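Remarks on the structure that follows.
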Amino acid sequence: MSLQEKIEQIYQELEETKVKNSAEIEEFRLKYLSKKGLLNDLFEEFKTIAVEKKKETGQKLNALKVKATQLFEEAKNSTSSGDEQHTANDLSLPGEILPLGSRHPVSLMIRDIKDIFLRLGFTISEGPEIEDDWHVFSALNFPPEHPARDMQDTFFITKDPDILLRTHTSSIQVRVMEKQKPPIRTICPGRVFRNEAISARSHCIFHQIEGLYIDRNVSFADLKQTLLFFAKEMFGEETQIRLRPSFFPFTEPSAEMDVTCTCGGKGCNLCKHTGWLEVMGCGMVDPNVLEACGIDSKEFSGYAFGMGVERMAMLRYNIKDIRLIFENDVRFLKQFSSNL
Ligand code: PHE
């Protein structure tokens, strides 16, 4: 067989060769590329052929060498990770377990509070975080000299016109009242901002959920009953509530609602040995607010209430420092993973 024929035969052989694992790669190297391999033999023989045949045969021999080296390199690259790849494609292996995230305690709280009020027929309303003076203060009966209108308490974006970060979600209620005719039964969850020093108990950013119910003949008894239902759903069937007189510009009368502490009245650190935990503000919507929002206060009355979501989460999960809620340390967040 001439050298050319040998080259062609081996080239053909290579076309059909498949190298699958590291043992076969080594075998391939020894057979074709090593010192004692076939290619070396061919190069030896090449030295002996007639000069006029050298050009054509040399080109073929080079092409063969390129082909063999290429095959070898390719096989090496794909099997260096190839053996592992092989196992990764084993469909009988159990799947990789991905770490499961958890819901944030604030999201959990909002979801649960929403659920309770949705069952009572409340809708959910949302509104902008950047607000104007009217929706946050004026429509809500805040007198012009009220301290909340001060830069010390509120983050202003511009003064004149007053554009600010909402300090409570009552601004959403104003927007709902301006748009909808009673009966209105809605809850407003959202993020609020107050210019306060950050401590274990307060933060400058937190969440609120406020509720609003407006219809004919809505009374304080309706408010009490709704809040009692909420407290029992939230904190357990045996929970009791008490309402203490309070003041808000937008409600009259106003009250602060407490629930019985989980210590059962025995007194603990959480309730500071009083047996009661302060949970939310509430009251009957001030007629001035109804009128400012275009609702006839002689025909309609309503109640409103508002609570801090972080505070509720702290009470429910016994979180001692509000800052933990915002730091998003995974070790903290992981503790809520069973609560999907
Ligand atoms: N908006 C009040 C606050 O931010 C809470 C509240 C809402 C009180 C509705 C009474 C009625 O503190």
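Every value quoted in this text rests on a predicted model; they were computed, and no experiment measured them. Ligands are counted one by one from 1 in listed order, and the atoms in each one are counted from 1 as well.
Taking any N or O of His168, backbone or side chain, at least one lies under 3.5 Å from an N or O belonging to ligand 1. For ligand 1, the polar-atom distance check finds an N/O of Glu210 within less than 3.5 Å of one of the ligand's N/O atoms.
Within the listing of ligand 1, atoms 7 (C), 9 (C), 11 (C) sit less than 4.0 angstrom from a heavy atom of Phe305. Close approach of ligand 1 to Phe250 is summarised as follows: ligand atoms under 4.0 Å from at least one heavy atom of the residue are 1 (N), 2 (C), 6 (C), 7 (C), 8 (C), 9 (C), 10 (C), 11 (C). Per-residue contacts place Ser170 under 4.0 angstrom from the following atoms of ligand 1 (heavy atoms of the residue considered): 1 (N). Residue Cys282 approaches ligand 1 through these ligand atoms, each under 4.0 Å from one of its heavy atoms: 8 (C), 10 (C), 11 (C). Set against the non-hydrogen atoms of Ala304, the atoms of ligand 1 under 4.0 Å away are 9 (C), 11 (C).
Ring geometry for Phe28 against Tyr32 counts as tilted: the plane angle lies between 30° and 60°, on a 0 to 90° scale.
Taking the six-membered ring for Trp and the full ring otherwise, the centers of Tyr303 and Phe220 sit at least 6.0 Å from each other. Taking the six-membered ring for Trp, Phe248 and His168 have ring centres at least 6.0 Å apart.
Each of Gln180, Gln173, Glu178 was scored for a side chain to side chain contact (heavy atoms under 4.5 Å, CB included) with Val176, with one residue passing: Gln180.
Counting heavy atoms closer than 4.0 Å to ligand 1, residue Gln208 contributes side-chain atoms (C-beta onward) but none from N, CA, C or O.
A donor-acceptor pair is defined here as one N or O able to donate and one able to accept, closer than 3.5 Å; such a pair exists between the side chain of Thr260 and the backbone of Gln240. Within the 3.5 Å criterion, the main-chain N or O of Val174 finds no donor-acceptor partner in the side chain of His135.
With respect to atom 12 (O) of ligand 1, the closest heavy atom belonging to the protein is Arg194 NH2, 3.8 Å.
Lys159 forms a cation-pi arrangement with Phe156, by the criterion of a distance under 6.0 Å to the ring centre and an angle within 45° of the ring axis.
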